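Just so we're clear, the structure is a prediction, and the values are computed from it rather than from any experiment.
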Amino acid sequence: GAGVSQSPSNKVTEKGKDVELRCDPISGHTALYWYRQSLGQGLEFLIYFQGNSAPDKSGLPSDRFSAERTGGSVSTLTIQRTQQEDSAVYLCASSLDSPSYEQYFGPGTRLTVT
Amino acid sequence: AQKVTQAQTEISVVEKEDVTLDCVYETRDTTYYLFWYKQPPSGELVFLIRRNSFDEQNEISGRYSWNFQKSTSSFNFTITASQVVDSAVYFCALSGPAGKSTFGDGTTLTVKP
C-alpha cells in the first residue's frame, strides 16, 4: 500500500514569508508525528496527533509554528514569518493508534529560508 | 523528561567485523517503548525493532541483535558480520505513553569493503 507522503519535497522561501507543509499518512494510521531534522542532526520532536487532537504540542519551537489535522488524516504544519534558523528537513511519520507502535516516515520536506 | 543518548557519533569498521551501537535512555514513565531506526544515504528512516519496557527479552533477527537492559537503561544494537549495505545513520528512539517521541542524535556507521 502507499506509504507516508509529504509535499512539497523542496521549498525555498524568503525570510518573513509563511509556508505550509503537508503530510498524508498511511491509511488507517490514527497517530501522526512531525519532526525537524537539521543537517547532520537527530530528529527534533515537534508535535503528535492522535486522531485530530494534539495531546502534546510541547515540541513546537515557537508560536510561529502551528499544526492541524483534519478528518483524522491529512496534516499541515504552518510556519509563519519564517526565519533562516527554520531551514531544515521536516519529517512526518504515522503509526497505528498508540505510541507503542513503530512509526513510518515520509521522505520529508526540505525547507530553505533565504 | 525523556532523553536518549547515543554516545558514538561515528563508527567505521571493515566488512565482516561485528559492531555494537550503544543507546542509553532516561525517562520517568514506567511504561515506555524503545525503537531503532535506520536512515540510509537515500534519506528515509526505516523501522528496525521495537521493545516495550516490560519485555526485556533480547532479540535476534538475522545479523541484527538487540540487548535491552532496564537495570542500566540501555538498548544496544549489534550487527554481526557487517556489510557495506549496513552503512547508514542509526537512531535509537524512546516513546512515552502520552505520545512524545525522543530520538538520539544518531550514530553514523561506515562499513568499508
Side-chain angles (χ1 to χ4, degrees), chain A residues 2-6 9-10 23 25-26 29-61 67 69 75 88-111, chain B residues 1-10 21 23-25 27-55 59 61 66 75 88-110:
Chain A
V4 177
S5 60
Q6 293 185 246
S9 54
N10 278 285
C23 172
I26 292 173
H29 281 191
T30 59
L32 187 147
Y33 303 78
W34 281 100
Y35 298 90
R36 179 167 68 176
Q37 186 175 31
S38 301
L39 186 63
Q41 301 296 310
L43 277 70
E44 176 188 2
F45 170 82
L46 297 179
I47 191 168
Y48 156 69
F49 286 95
Q50 180 56 257
N52 290 337
S53 65
D56 192 333
K57 300 182 181 180
S58 64
L60 293 176
R69 189 179 185 194
S75 176
V89 175
Y90 289 82
L91 293 169
C92 175
S94 70
S95 74
L96 290 170
D97 65 3
S98 85
S100 67
Y101 289 97
E102 63 270 23
Q103 297 174 33
Y104 293 83
F105 283 81
T109 293
R110 183 175 298 277
L111 175 66
Chain B
Q2 293 179 171
K3 186 176 180 181
V4 175
T5 302
Q6 294 180 254
Q8 304 148 309
T9 305
E10 296 183 12
L21 310 182
C23 173
V24 174
Y25 62 92
T27 180
R28 294 181 188 149
D29 293 315
T30 53
T31 298
Y32 52 89
Y33 314 98
L34 295 163
F35 304 84
W36 275 95
Y37 292 87
K38 175 181 180 180
Q39 188 173 36
S42 61
E44 284 195 41
L45 280 104
V46 175
F47 164 76
L48 295 176
I49 185 75
R50 172 185 74 201
R51 264 292 170 266
N52 300 328
S53 53
F54 44 86
D55 179 6
E59 182 159 336
S61 175
W66 291 269
F75 186 40
V89 182
Y90 291 86
F91 291 97
C92 180
L94 167 69
S95 290
K100 179 172 182 176
S101 286
T102 301
F103 279 67
D105 288 339
T107 296
T108 301
L109 174 64
T110 302

*Asks:* Nearest 0.5 Å, what's the CZ-CD distance between A:Phe45 and B:Gln2?
*Replies:*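 Separation between the atoms: 8.5 Å.
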
*Asks:* State, with a plain yes or no, whether a side-chain heavy atom of B:Lys100 is found less than 4.5 Å away from one of A:Tyr48.
*Replies:*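 Not in contact.
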
*Asks:* Report which part of A:Ser58 has an atom under 4.5 Å of a heavy atom belonging to chain B: side chain, backbone, both, or neither.
*Replies:*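 Only the side chain of A:Ser58 comes within 4.5 Å of chain B.
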
*Asks:* How about B:Tyr37 and A:Phe105: are their ring centroids closer than 6.0 Å?
*Replies:*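 Yes, ring centres under 6.0 Å apart.
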
*Asks:* Would you mind checking which part of B:Gln6 comes under 4.5 Å of any heavy atom in chain A, side chain (CB onward), backbone (N, CA, C, O), both or neither?
*Replies:*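 Interface part for B:Gln6: neither.
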
*Asks:* side-chain contact (heavy atoms from CB on, under 4.5 Å), that's the test. Do B:Leu45 and A:Leu43 meet it? Break it down for me.
*Replies:* CA-CA 11 Å; B:Leu45 280 104; A:Leu43 277 70; 4.3 Å; yes

*Asks:* So what's closer than 4.5 Å to chain B heavy atoms on A:Ser100: side chain, backbone, both or neither?
*Replies:*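 Contact with chain B involves both backbone and side-chain atoms of A:Ser100.
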
*Asks:* Looking only at non-hydrogen atoms, find the nearest pair between B:Ser101 and A:Tyr33 and report the distance.
*Replies:*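 The pair with the smallest heavy-atom distance is OG-CE2, 3.7 Å.
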
*Asks:* Nearest heavy-atom pair of A:Gln37 and B:Phe91: which atoms, and what distance?
*Replies:*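 The pair with the smallest heavy-atom distance is NE2-CZ, 3.6 Å.
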
*Asks:* Tell me, yes or no, whether the heavy-atom count around A:Arg110 atom CZ, taken from other residues, nucleotides or ligands under 6.0 Å, exceeds 12.
*Replies:*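 At most 12 heavy atoms, drawn from other residues, nucleotides or ligands, come within 6.0 Å of this atom.
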
*Asks:* Which heavy atom in A:Pro99 sits nearest to a heavy atom in B:Pro97, and how many Å separate them?
*Replies:*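 Looking at all heavy atoms of both residues, the closest pair is CG-O, 3.7 Å.
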
*Asks:* More than 12 heavy atoms of other residues, nucleotides or ligands under 6.0 Å from CZ of B:Phe47: yes or no?
*Replies:*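 Yes, the 6.0 Å shell around CZ holds more than 12 heavy atoms from other groups.
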
*Asks:* Show the numbers, then the answer: is there a side-chain contact (heavy atoms from CB on, under 4.5 Å) between A:Tyr101 and B:Arg50?
*Replies:* CA-CA 8 Å; A:Tyr101 289 97; B:Arg50 172 185 74 201; 3.5 Å; yes

*Asks:* Under 6.0 Å between ring centres, would you say that holds for A:Tyr35 and B:Phe103?
*Replies:*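 Yes.
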
*Asks:* Measure distances from A:Leu91 to the heavy atoms of chain B and classify the residue's part below 4.5 Å as side chain, backbone, both or neither.
*Replies:*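 The answer is the side chain of A:Leu91.
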
